[in-house]
Each structure stands twice: as structure tokens, then as C-alpha cells.
Visitor: 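What follows is a structure written as C-alpha cells; I'll ask about it next.
Because only heavy atoms are used, hydrogens play no part in the values below, and waters and symmetry mates are left out as well, while side chains stay in. Labels below follow one simple rule: chain letters A, B, ... track the order of the sequence lines, proteins then strands, and each chain is numbered from 1. All figures in this text were calculated on a predicted structure; none of them were measured in a lab.
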Amino acid sequence: MELYKQHQIKLYNSLSGKKEIFKPIIDGYIGMYVCGPTVYSNVHLGNVRTFMSFDMIYRYFMHLGYKVRYVRNITDAGHLTDDNAEDKISTKARLEKLEPMEIVQRYTVDFHEVLKEYNFLSPSIEPTATGHIVEQIEAIQTIIDNGLAYVINGSVYFDVLKYNEKENYGILSKRIIEDAIENTRELDGQSDKKNPQDFALWKKAEPEHIQRWNSPWSEGFPGWHLECTVMSTKYLGEQFDIHGGGMDLKFPHHECEIAQAQACNHKAPVNYWMHTNMLNLNGKKMSKSTGNSILPGEIYKGNNEILSKAFSPSVTRFFIMQAHYRSILDLSNDALLASEKGYNRLMNAQQLIDTIVPSNTSSLDINIWKQNCYDAMNDDFNSPMLIAQLFEGVKFVNLLVENKATLTIDDLAIFRNTFNTFVFDILGLESLNSDNNSDKLSGVVELMIAMRNEARVNKDWALSDKIRDELLDLGIQLKDGKEGTTFSI
RNA sequence: GGCGUCGUGGCCGAGUGGCUAGGCUGGGCUCUGCAAAAGCUCCUACAGCGGUUCGAAUCCGCUCGACGCCUCCA
């Protein structure tokens, strides 16, 4: 029997503002769409956090035996800002004297490299906005035909007020449109819109605009919310299970998506909306545009102003997983340092599991512990709670290793299997020392350890301490234990 | 200005009407030639003020503070 039949998941639905029991449209299958990055610059760690949260969610669904179609787009057509004739990709292209698609390619490659470093699973489909211009034009035509969009000077706008007569614009973000109208900021620059709340479906390109396509209305480019509506509909259907993204996309982006889909297909597109919270730096949201951000590469290479040392992708992943996806998380040197120690303790215990010898009886109830792990994840993917349980497991490991507790061969198998599944398959952590020390280096250190032990036998403390201290200066720490000396790099 | 989220021990960070979060740090102990590492163990908090309740950090109200969205943003 599939695991998902034994585990009921509750997840927080932004649409209702409550935790709800998750029930997919088709039993055993899940369609999930997550808004991906706009590739006009390097992704920063805040971007990574959102995708990592959904990576963990994706991993858990898969572990439970669901067949998941996970779609995460790449926005490779620049979004237009209201008061700016030029979008970000075009701006970057002009400044760097490159083709827009060169910009797109560069940062798409960067994005994928970062995800690889952080041990991400690939989504099932990773569609691009520019690959779906035709579908976007068709969707615009449908919305016009349905009377919810209007054409002005070659551009097409969604008529929010008219939509709101029969539907609820604000259903997701809990905004009251009348309030929004009252509190509209004065926009300088003359707009073609009937109302400031209206948003562009198609924008006529100014002469200097590089990314442009032909359409029934003008040579131009699609509006900034449309791609997600079109691509999610195309690959997941008119109604699908989960739509995710960062909290900052809730309004207007996701609100507009709902309106567009509703205007096209006359039904609510998404059953469960999930929003991840922001990653803060210096107490403020990480953001590309304000420059308050740190790049993944700066963290694992250590070349930054904020952190005292480099932190491996796995430590960073552990750090992010220690906070719930709906909570704000603050990045700081101290927090990462603490996470690194905790991560090391967890992984050391994981490696010790294989040395445990089974007994005839079990003194620990491993099934309750296992259930606690699942309960944590079933409750809105509570990874920090899961990690607390895993540290319970660490305690078990130490008791077992010291023969202060026992497990039967069957229980031990369950324990090992569960521990590894949650650490590696679901949290997506990677084990220590897997790549950073070569066989040759290990051999040399083993040799030094042997020489030091010889000195210790001879009570030559000066020599043995010299070996120990100088290795430490090189970043190699010797650890004397009952079973002999081990080391970490 | 509008809407919303949040305010937990030295730090990070869960949880929630009554029962231990967890990690890190610090103290003690074990181990050790010494140290480190490792293990065990201790440190019991929920912004403030009212209210509801047998009982609130958890529910309600107010105050203060932080942050987010309202403009591109994960």
C-alpha cells in the first residue's frame, strides 16, 4: 500500500487562511506549480529558500508515493514596471551590450548550478515564458472575447473592476478593491489604463524595446502575470492542486493569476495556495533590487562581508530547514555557526548507526519515534519539528552505541531506514566528508595520526602536540576517542 | 495612509488553553598525558497592560515595537 494512504497531510492554504486536510483532485496524483525566478541576475539565497521549501515538499510527496508533476517556470521575458518603459532583462541587455537571450542564458545556467550545489531535485517541467508566447496571445484573446479585457493603443489591459462585478478580485490577498481604489498612489506618467488596478496582458513595445513578438494588437510583449496562468493551465490543467511561491508574489501576481484563469476558464484554477516566507538579512527582506542580499556562491566560498567563514550548501540547507517555511528566517553568522554544529552532530550520529549491533530485545520504541517524524511532516511540512525528532534519534544512536539501549535487528533496520530517509531523501541533506577530502589526503592524515600515536606511546608530548596543533592550523582536527583517533577536515 | 503578519530563555527557532520542543552558547560531569572532540547533565522563556477561563505564552481587546504587501521582487 502506498504510504500516502497512511498519512494525512494538513497544509496551510493561503486562500482560506487555515490549515486544511490535503486532498488531491485525482487520488495519488499531484499537480504543483511554483513561480520560478526572473533570470535577469544571479539568484540570491532568499530566492533559494523558497525553491528549497518546495523541494522539500516535493520530496515528501514523492516519498509518500504520490505521482507528482512539479512545474517550476523560468521567467525569461522581463516583467514591466508601471512607471518604466523598459523591463529588467532589456535593461541588463542594453547595459551589458548583450542579447536579452544571452542574459537569460547566463542566469539560467547560474540558477541551475546553484540548485545543483544545494542538492535540488529537478522539477518535472521547467517551462519558459518566451516558449509560450503563442499560448499567451490565445489567452488574451479569450479574455477579450469574454469581455474582461480592453485594447488601447496596441496594449491590452485586464479590466479589474468589471471582473470584480461577478468575481472576487482580492480573494487570495484579502484585499477589498474599493479600499485599493481609495488608496491608490498617484502614478506619474500617463497611463492608458481605465483604472489603476488594471494590469497589462499585452504591452506594445517602444522602439527601443528588444524583446518583442507579433500579435493581433501590436508588436509587443506579454504582461507579467500571464505566463504563469498559461503554463500552469497547459501542463497541469484548468484546475490543479497546489500553486506555490514566495509571500511577496501573493499580491498582485497570484491574485492576477486567479483573475486571468477565472476569466479564461470560468473556474478557480488552484485548490491550495502555498506561500513561503522571506529570508531576512540584517533584519530586512533579502531583495535583489535593494541590494540587501547574499549570493549562494558567496556563502559556500566564503567571499562576503557578512559571514566569518564559508558554509557548505548542506549546512545552509540545514539552517533553512530548521525554520518553518511560513516563518521569516533571519540569516546571520551566529545562526549559521550554530546550524553547522548541529548539522555535524546529526551527520556524525547518522554515520554511527551502521556500527550499532542488534540485540534480542528492543528497549526503545522506534515505531513511536518514526510516527513522530511523520507527524511533524504531515503537519504542514514542519521541518523544524522533524529535525527536533531527528535529534531524539541522535540521542538514541548514542545510547545504542554505548550499549545503554538495545534494538532488535528488525527495529534497527526501521531506525536506520527512517533516519536516512528523512535526512537524505526528504530534507535533502548530504553526508559529511563525501567530497571534500580525497583518498590521498586521508592517507596522509592517517599516517600523521599513526606517527602521533607512536610519539604518545613514547610520551613525547611535544611531538604529538605539534602534530595535532599544526594539523589544526591547516584545518584538520584530530579527535581522540576510545576506539582510536579520527579526524575531520 | 490602507491591508496583513509577527514579537518566545544569552542567540537561533518550534509549539500551543493545563503535560519536555529542538539546536547553539554557558555551567557541571565522564573520557583524556593535557587539550580538543564526543557523550551525559543543568540553566525553564513566551513584548507590555487589561479581559475571558478552574487554568493563557497559547483566546479577546488595547498599547508599544518589528517586518511584509500596497511598485519589480522567492
Side-chain angles (χ1 to χ4, degrees), chain A residues 17 34-38 40-41 43-54 75 78-84 87-88 91 170 173-176 179-180 182-185 187 197 224 244-253 255 275-280 283-290 293 318-319 322-324 326-332 334-346 348-349 352 376 379 382-392 394-395 397-399 401-402 404 456 459-461 464-465 468-469 472 477-483 485-488:
Chain A
V34 172
C35 290
T38 304
Y40 72 91
S41 66
V43 285
H44 62 243
L45 200 70
N47 304 120
V48 170
R49 183 191 181 193
T50 288
F51 304 132
M52 193 177 283
S53 296
F54 286 106
T75 297
H79 291 163
L80 196 79
T81 52
D82 257 340
D83 46 356
N84 196 336
D87 70 81
K88 290 188 174 177
T91 306
S173 56
K174 317 288 182 245
R175 274 156 211 268
I176 313 291
D179 293 351
E182 277 178 35
N183 293 299
T184 299
R185 286 189 203 172
L187 293 173
Q197 284 68 37
W224 49 292
M247 209 83 117
D248 50 356
L249 295 183
K250 201 178 196 177
F251 188 89
H253 185 58
E255 195 70 61
H275 290 99
T276 57
N277 217 136
M278 299 293 103
L279 180 64
N280 280 183
K284 294 259 164 83
K285 172 187 167 182
M286 257 193 220
S287 166
K288 287 184 202 178
S289 48
T290 60
S293 66
F318 181 76
F319 163 73
Q322 268 188 304
H324 186 87
R326 283 192 289 114
S327 297
I328 293 170
L329 175 63
D330 247 278
L331 184 87
S332 69
D334 286 352
L336 277 171
L337 243 22
S339 287
E340 183 171 55
K341 293 209 173 182
Y343 165 81
N344 286 336
R345 206 153 86 78
L346 184 70
N348 282 332
L352 281 176
D379 184 10
N382 198 322
S383 56
M385 198 78 139
L386 169 66
I387 288 172
Q389 285 304 321
L390 292 175
F391 276 104
E392 280 302 302
V394 170
K395 232 172 235 177
V397 171
N398 292 323
L399 288 173
V401 167
E402 291 171 26
K404 290 176 182 164
R456 294 174 75 200
K459 297 198 191 300
D460 185 352
W461 309 128
S464 72
D465 289 355
R468 178 222 283 162
D469 296 343
L472 189 61
Q477 184 184 39
L478 301 188
K479 302 172 185 176
D480 294 330
K482 273 191 180 146
E483 314 294 325
T485 302
T486 56
F487 66 95
S488 66

Visitor: Polar atoms only, N or O, under 3.5 Å: list the protein pairs with nucleotides 30-33 of chain B and their distances.
Guide:
| from | atom 1 | to | atom 2 | distance (Å) |
| --- | --- | --- | --- | --- |
| B:rG33 | O6 | A:R456 | NE | 3.4 |
| B:rG33 | O6 | A:S464 | OG | 3.3 |
| B:rG33 | N1 | A:D465 | OD1 | 3.0 |
| B:rG33 | N2 | A:D465 | OD2 | 3.1 |

Visitor: Would you indicate which nucleotide in B:rC72, B:rA36, B:rC11 comes nearest to any side-chain atom of A:D334?
Guide: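 Nucleotide nearest to A:D334's side chain: B:rC11.
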
Visitor: Using Watson-Crick or G-U wobble geometry with both distances under 3.5 Å, which nucleotide pairs with B:rG1?
Guide: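 Partner of B:rG1: B:rC70.
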
Visitor: Considering Watson-Crick and G-U wobble pairs with both distances under 3.5 Å, what does B:rU53 pair with?
Guide: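 Pairing partner, where one exists within any strand: none, as none qualifies.
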
Visitor: Is there a donor-acceptor pair closer than 3.5 Å between any side-chain N or O of A:R49 and the backbone N or O of A:N277?
Guide: yes

Visitor: Side chain to side chain donor-acceptor pair (under 3.5 Å) with A:S293: which residues, sequence neighbours excluded?
Guide: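 Per chain and number, A:S293 pairs via side chain to side chain donor-acceptor pair (under 3.5 Å) with no residue.
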
Visitor: Which whole number of Å gives the distance between the P atom of B:rG39 and that of B:rU52?
Guide: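 Looking at atom P only, B:rG39 and B:rU52 are 49 Å apart.
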
Visitor: Checking A:N344 side chain against A:K341 main chain: does a donor-acceptor pair fall under 3.5 Å?
Guide: no

Visitor: Under a 3.5 Å cut-off for both contacts, is B:rG17 paired Watson-Crick or G-U wobble with anything, and if yes, with which nucleotide?
Guide: none

Visitor: Is there a donor-acceptor pair closer than 3.5 Å between any side-chain N or O of A:E255 and the backbone N or O of A:G170?
Guide: yes

Visitor: Name the residue closer to the 5' end of RNA chain B, choosing between A:K250 and A:T50 according to the nucleotide with the nearest heavy atom.
Guide: A:K250

Visitor: Have a look at A:G46 and say if it touches a base, only the backbone sugar-phosphate, or nothing, with a 4.0 Å heavy-atom cut-off.
Guide: base

Visitor: Do the side chain of A:K285 and the base of B:rC67 come within less than 3.5 angstrom through a donor-acceptor pair of N or O atoms?
Guide: no

Visitor: Considering only atom C1', compute the distance from B:rC49 to B:rG7 and round it to an integer number of Å.
Guide: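 One C1' to the other, the span is 15 Å.
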
Visitor: In whole Å, measure the gap between the P atoms of B:rC6 and B:rG23 for me.
Guide: 26 Å

Visitor: How are the rings of A:F391 and A:F318 set relative to one another: parallel (under 30°), tilted (30 to 60°) or perpendicular (over 60°)?
Guide: perpendicular

Visitor: Just N and O in the side chain of A:N398: are any of them under 4.0 Å from OP1 or OP2 of B:rG39?
Guide: yes

Visitor: Round to the nearest Å and state the distance from A:L329 atom CG to B:rC12 atom P.
Guide: 11 Å

Visitor: Taking atom C1' in both B:rG15 and B:rA56, compute the distance separating them and give it to the nearest angstrom.
Guide: 14 Å

Visitor: Both distances under 3.5 Å, Watson-Crick or G-U wobble: report the partner of B:rC6, or none.
Guide: B:rG65

Visitor: Can you check the A:L331 CG to B:rC11 C1' distance for me, whole Å?
Guide: 14 Å

Visitor: Can you name the ring-ring contact (aromatic ring centres under 6.0 Å, His included) partners of A:H324, sequence neighbours left out?
Guide: none

Visitor: Scan A:M247 against the nucleic acid and name what it touches under 4.0 Å (heavy atoms): base, sugar-phosphate only, or nothing.
Guide: nothing

Visitor: Take atom C1' in B:rC73 and the same atom in B:rA38, then report the distance between them in whole Å.
Guide: 45 Å

Visitor: OP1 or OP2 of B:rA14 less than 4.0 angstrom from a side-chain nitrogen or oxygen of A:S327, does that happen here?
Guide: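 A:S327 to B:rA14 OP1/OP2: side-chain N or O found under 4.0 Å.
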
Visitor: Report the base-pairing partner of B:rG33 (Watson-Crick or G-U wobble, both distances below 3.5 angstrom), or none.
Guide: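 The answer is none; no pair meets the criterion.
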
Visitor: With heavy atoms under 4.0 Å as the rule, sort A:D469 into base, sugar-phosphate or nothing.
Guide: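 The answer is nothing, as A:D469 stays clear of every strand by at least 4.0 Å.
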
Visitor: Please work out if A:E402 contacts a base, only the sugar-phosphate, or nothing of the nucleic acid, heavy-atom cut-off 4.0 Å.
Guide: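 Contact class for A:E402: sugar-phosphate only.
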
Visitor: Say you draw a straight line from OG of A:S53 to NE2 of A:H275; how long is it, rounded to the nearest 0.5 Å?
Guide: 13.0 Å

Visitor: So which nucleotide from B:rG13, B:rA36, B:rC69 ends up closest to the side chain of A:Q477?
Guide: B:rA36

Visitor: What does the list of N/O pairs under 3.5 Å between the protein and nucleotides 18-23 of chain B look like, with a distance for each?
Guide:
| from | atom 1 | to | atom 2 | distance (Å) |
| --- | --- | --- | --- | --- |
| B:rG23 | OP1 | A:R345 | NH2 | 2.9 |

Visitor: Please name the nucleotide paired to B:rC11 by Watson-Crick or G-U wobble geometry with both distances under 3.5 Å, or report none.
Guide: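 Matched B:rC11 with B:rG23 under the 3.5 Å cut-off.
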
Visitor: Between B:rA74, B:rG13, B:rC72, which nucleotide gets closest to the side-chain atoms of A:K88?
Guide: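 Nearest to the side chain of A:K88 among the choices is B:rC72.
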
Visitor: Rounded to whole angstroms, how far apart are CG on A:D379 and P on B:rA14?
Guide: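 Distance, rounded to whole Å: 13 Å.
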
Visitor: Once you round it to whole Å, what is the distance between C1' of B:rC69 and CG of A:L249?
Guide: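 Interatomic distance, CG of A:L249 to C1' of B:rC69: 11 Å.
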
Visitor: Checking all strands, does A:H44 fall into the base, sugar-phosphate, or nothing category for heavy-atom contacts under 4.0 angstrom?
Guide: base

Visitor: Grab the CG-P distance between A:D248 and B:rC69 for me, whole Å please.
Guide: 6 Å

Visitor: Can you name the residues that form a side-chain contact (heavy atoms from CB on, under 4.5 Å) with A:L331, not counting sequence neighbours?
Guide: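 Applying side-chain contact (heavy atoms from CB on, under 4.5 Å) to A:L331 gives A:L45, A:L279, A:L281, A:M286, A:I294, A:F319, A:L336.
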
Visitor: Relative to the 5' end of RNA chain B, which residue comes earlier, A:K288 or A:L399, by the nucleotide with the nearest heavy atom?
Guide: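 It is A:L399, whose closest nucleotide lies nearer the 5' terminus.
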
Visitor: Any donor and acceptor pair, going by atom type alone, linking the side chain of A:T38 with main-chain N or O of A:Y40 inside 3.5 Å?
Guide: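 No: the side chain of A:T38 does not pair with the backbone of A:Y40.
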
Visitor: In whole angstrom, give me the gap between the P atoms of B:rG17 and B:rU32.
Guide: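 Per the computed distance, 49 Å lies between those P atoms.
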
Visitor: Does this structure show an ion pair linking A:R468 with A:D480, if we count only N-O contacts that are shorter than 4.0 Å?
Guide: no

Visitor: Separation of A:R49 atom CZ from B:rC12 atom P, in whole Å?
Guide: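 Whole-Å distance recorded here is 15 Å.
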
Visitor: Write down the distance between CG (A:N277) and C1' (B:rG4), rounded to a whole number of angstrom.
Guide: 12 Å

Visitor: Give A:G283 one of three labels, base, sugar-phosphate or nothing, depending on what nucleic acid heavy atoms sit under 4.0 Å from its own.
Guide: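 The answer is sugar-phosphate, as A:G283 gets under 4.0 Å only of primed atoms, P, OP1 or OP2.
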
Visitor: State which residues pass side chain to side chain donor-acceptor pair (under 3.5 Å) with A:E392; sequence neighbours excluded, sorted by chain then number.
Guide: none

Visitor: Please check the phosphate of B:rC67 (OP1 and OP2 only) for any side-chain N or O of A:K284 closer than 4.0 Å.
Guide: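 Yes, A:K284 has a side-chain N/O under 4.0 Å of OP1/OP2 on B:rC67.
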
Visitor: Would you find more than 12 non-hydrogen atoms of other residues, nucleotides or ligands less than 6.0 Å from A:K174 atom NZ?
Guide: yes

Visitor: Working to the nearest 0.5 angstrom, can you tell me the gap between A:Q322 CD and A:Y343 OH?
Guide: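 It is 12.5 Å, given to the nearest 0.5 Å.
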
Visitor: Could you give the distance separating B:rC62 and B:rU20 at their P atoms, to the nearest angstrom?
Guide: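 Looking at atom P only, B:rU20 and B:rC62 are 34 Å apart.
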
Visitor: Is there a Watson-Crick or G-U wobble partner for B:rC43 with both distances under 3.5 Å, and if so, which one is it?
Guide: none

Visitor: On a whole-Å scale, what distance lies between the C1' atoms belonging to B:rA37 and B:rU8?
Guide: 32 Å

Visitor: Could you check how far CD1 of A:I176 sits from P of B:rG2, rounded to whole Å?
Guide: 15 Å

